[in-house]
Amino acid sequence: MSTNATSSKPVRVRFAPSPTGDLHVGNIRTALFDWAYARHTGGAFIFRIEDTDRERVTDEYIAAAIDTLRWLGLGWDEGPEVGGEFGPYLQSQRLDIYAEWAQKFLDQKDAYHCYCSSEELEAVREAQRAANVAPGYNGHCRDLTSEQIAAYQAEGRKPVVRMRMPEGSTTFTDLIRGDVSFDHNFVPDFVLVRADGSPLYTLAVAVDDVMMKVTHVLRGEDLLSSTPRQIRVYQAMGVAPEDFPAFAHLPFVMGQDNAKLSKRNGEVSIAWYRDAGYLPEAICNYLALLGWSPGEDREEVTMKELTELFTVERVHSSPARFDMKKLEAINGDKIRALSAEEFFNRALPFLTRAEIISGTEAEIALVKQALPIIQERIATLSEIPPMLKFLFVKEFAVDADSLPKIADEQSRKVLATALERLTPLTDWNHSSIETALRSALIEEMGLKPRIAFGAVRIAVTGSHISPPLFESMELLGQSASLARISASL
Ligand code: GLU
């Protein structure tokens, strides 16, 4: 059988994760494309939590998923917290719906009770392996007689509900891959409901997509092979082929080593990126490029442009490679593009969380002066606390790894000269500091700037990595700067 979805109906796209941990890069790339497609078409973005496995999908992970989507700015029109006409949007609250459909399928003889035990199923698989034939259910319980059923029941066996897969094949048009066909020889009868009455993914996802009037299923390529089973459920539900949702299976996200992205070859959790100081707009911009492109080799897109430009036709079918360096570069660009006020708002939580400041008025005023001198220089917000620490430390000390760099005779001379020239300065600002140090250390002593200013930098900021030196000294103030230089001496 063959299907061809048409899209004359208002677009309804869903993001349907089963959060068994923090949402990862692949989930969010899917969510972003779902959202962008809905926004591009003026359709609805539905957020559905697939939590039928409540042992693995916990309340905590669900709350974190909601929080992550909100943080990224991927607001939904229907789903948790906002509700909607076709709710509830948590599958665990829809169990009676799945049970009703499963019963209907049994009544229609589209599905049947299967009494095979796991040992018997394993023996079948074993035999299939030995005979080198495709693994899968062998249809043993398809047409049991009432005597056989009675015998199984007398044994106390609890059946699963299995969908009958007719002979033939399923073909559908994937919006990214074109026509995709599955021979049913490789799609055996599959379980809809476990022996304990709980529904399986294939049943719940298909029932919900139909009942929530989903028109487009954009999701990861890993789910491609589940599509013929879902189509089978639509058919059993009596949905006409022209009303099936259209499918678009997004390419895998690979790590740098071309293996599927995992904790092993790259950070995958979005929560990690958030804590590491990546901006939501940078994450969205970068993830948008994983499998899609705005054209003209562009790498910068705003959320607004994404919604204007996003089309499924522009999504490639080949795997996308996750490149941490590129994400970092985009993050730096997005940081530079922030207004001073926005940058302050984003920076503040990082400074307080790292306990660099407690939030007094004087500290806030100094942070506001200091941020502009580092905004150009950082790639992630987590670089801010170590860079600005020198302005706020109560007990100043030079970093252990920078200390040896100023322990030589030359550094001693540099610091002594700097102290001597900076002490009488009456107008303490970055240009007077620079003039004084340049004339003493570069012109008179003939030193290279890196050597001369390097020693002063370590003495004053405690590290060889710091914001621009003269600005840093201006902010720190004359007496603290001089005290630190003389302490180093
Ligand atoms: N809940 C499924 C998952 O997280 C995805 C469902 C779908 O998009 O069809 O893998």
Side-chain angles (χ1 to χ4, degrees), residues 13-35 45-84 86-99 101-102 118 158 160-161 191-209 211-212 214 217-220 222-223 226 230 250 252-253 260-276 278 280 283-284 287 349 353:
V13 201
R14 88 307 192 269
F15 172 54
S18 306
T20 53
D22 286 328
L23 293 184
H24 54 73
V25 166
N27 295 133
I28 292 302
R29 198 269 317 255
T30 298
L32 181 67
F33 285 18
D34 285 329
W35 176 88
F45 177 48
I46 304 161
F47 181 19
R48 180 173 75 222
I49 305 279
E50 307 215 315
D51 62 339
T52 52
D53 181 355
R54 288 298 300 206
E55 302 230 319
R56 297 180 61 224
V57 182
T58 63
D59 283 343
E60 191 193 336
Y61 293 142
I62 294 173
I66 292 172
D67 191 46
T68 299
L69 245 57
R70 289 231 183 275
W71 178 71
L72 289 166
L74 304 178
W76 50 97
D77 306 306
E78 293 173 30
E81 293 181 346
V82 307
F86 301 96
Y89 294 88
L90 261 65
Q91 288 190 329
S92 59
Q93 295 170 6
R94 304 173 60 82
L95 298 179
D96 48 342
I97 301 175
Y98 312 130
W101 280 107
S118 41
K158 290 258 174 291
V160 301
V161 177
V191 178
L192 295 169
V193 183
R194 293 188 191 84
D196 66 3
S198 60
L200 272 101
Y201 161 73
T202 319
L203 173 63
V205 75
V207 164
D208 283 350
D209 285 342
M211 299 200 65
M212 296 179 181
V214 167
V217 173
L218 276 64
R219 61 180 178 185
D222 49 327
L223 293 161
S226 72
Q230 277 156 250
L250 307 171
F252 280 126
V253 180
K260 208 176 155 198
L261 189 68
S262 69
K263 257 215 140 28
R264 199 181 40 73
N265 59 11
E267 267 307 329
V268 285
S269 137
I270 294 296
W272 183 90
Y273 288 98
R274 180 180 180 168
D275 292 344
Y278 288 82
I283 294 177
C284 288
L287 293 186
R353 221 184 308 137

> Are R14 and D34 close enough, and set up right, to give a side-chain contact (heavy atoms from CB on, under 4.5 Å), and what steps lead you there?
Replying inline: CA-CA 7 Å; R14 88 307 192 269; D34 285 329; 5.7 Å; no

> Under 4.5 Å between any side-chain heavy atoms of R70 and E81, yes or no?
Replying inline: yes

> What's the spacing between D22 CG and E60 CD if we round to 0.5 Å?
Replying inline: 8.5 Å

>> Using a 3.5 Å distance criterion without hydrogens, assess whether the side chain of D51 forms a donor-acceptor pair with backbone atoms of S92.
In response: yes

> If you take all heavy atoms of L90 and P80, which pair is closest and at what distance?
Replying inline: CD1-CG, 4.2 Å

>> For a side-chain contact (heavy atoms from CB on, under 4.5 Å) check, start with the C-alpha distance between D53 and Q91, then their side-chain angles and the critical distance, and finish with the verdict.
In response: CA-CA 9 Å; D53 181 355; Q91 288 190 329; over 6 Å; no

> Of all heavy-atom pairs between F86 and R94, which one has the smallest distance, and what is that distance?
Replying inline: O-NH1, 3.2 Å

> Is a donor on one side and an acceptor on the other found under 3.5 Å between the side chain of T30 and the backbone of R219?
Replying inline: no

>> So which atom in I28 and which in I270 form the shortest heavy-atom distance, rounded to 0.1 Å?
In response: CG1-CG1, 3.3 Å

> What class does the angle between the rings of F45 and F15 fall in, given that below 30° is parallel, 30 to 60° is tilted and above 60° is perpendicular?
Replying inline: parallel

> Is there a side-chain contact between V25 and L287 (heavy atoms, below 4.5 Å)?
Replying inline: yes

>> With heavy-atom distances below 4.5 Å as the criterion, would you say the side chains of R194 and L200 are in contact?
In response: yes

>> On a heavy-atom basis, which atom in L72 and which in C284 lie closest, and how many Å separate them?
In response: O-SG, 3.8 Å

> If you look at every heavy atom in F33 and L218, which pair is closest and at what distance?
Replying inline: O-CD2, 3.8 Å

> When the ring planes of W76 and F47 are compared, do they come out parallel, tilted or perpendicular, using 30° and 60° as the limits?
Replying inline: perpendicular

>> Restricting to non-hydrogen atoms, name the atom on V253 and the atom on G26 that form the minimum distance, rounded to 0.1 Å.
In response: CG2-CA, 4.5 Å

> Could you go step by step and tell me if I46 and Y89 meet the side-chain contact (heavy atoms from CB on, under 4.5 Å) rule?
Replying inline: CA-CA 9 Å; I46 304 161; Y89 294 88; 3.8 Å; yes

>> With rounding to the nearest 0.5 angstrom, report the OH to CD1 distance, Y278 to I283.
In response: 8.5 Å

> Stepwise, does the side-chain contact (heavy atoms from CB on, under 4.5 Å) test hold for L223 with Y201?
Replying inline: CA-CA 11 Å; L223 293 161; Y201 161 73; 3.5 Å; yes

> Are the charged groups of D67 and R274 less than 4.0 angstrom apart, N to O?
Replying inline: yes

> Does some side-chain heavy atom of V205 sit less than 4.5 Å from a side-chain heavy atom of E50?
Replying inline: yes

>> Can you tell me how far apart CG (L74) and CH2 (W35) are? Round to the nearest 0.5 Å.
In response: 6.0 Å

> Does D209 pair with R48 as a salt bridge, N-O distance under 4.0 Å?
Replying inline: yes

>> A side-chain contact here means heavy atoms from C-beta on lying under 4.5 Å apart; do Q93 and I49 qualify?
In response: no

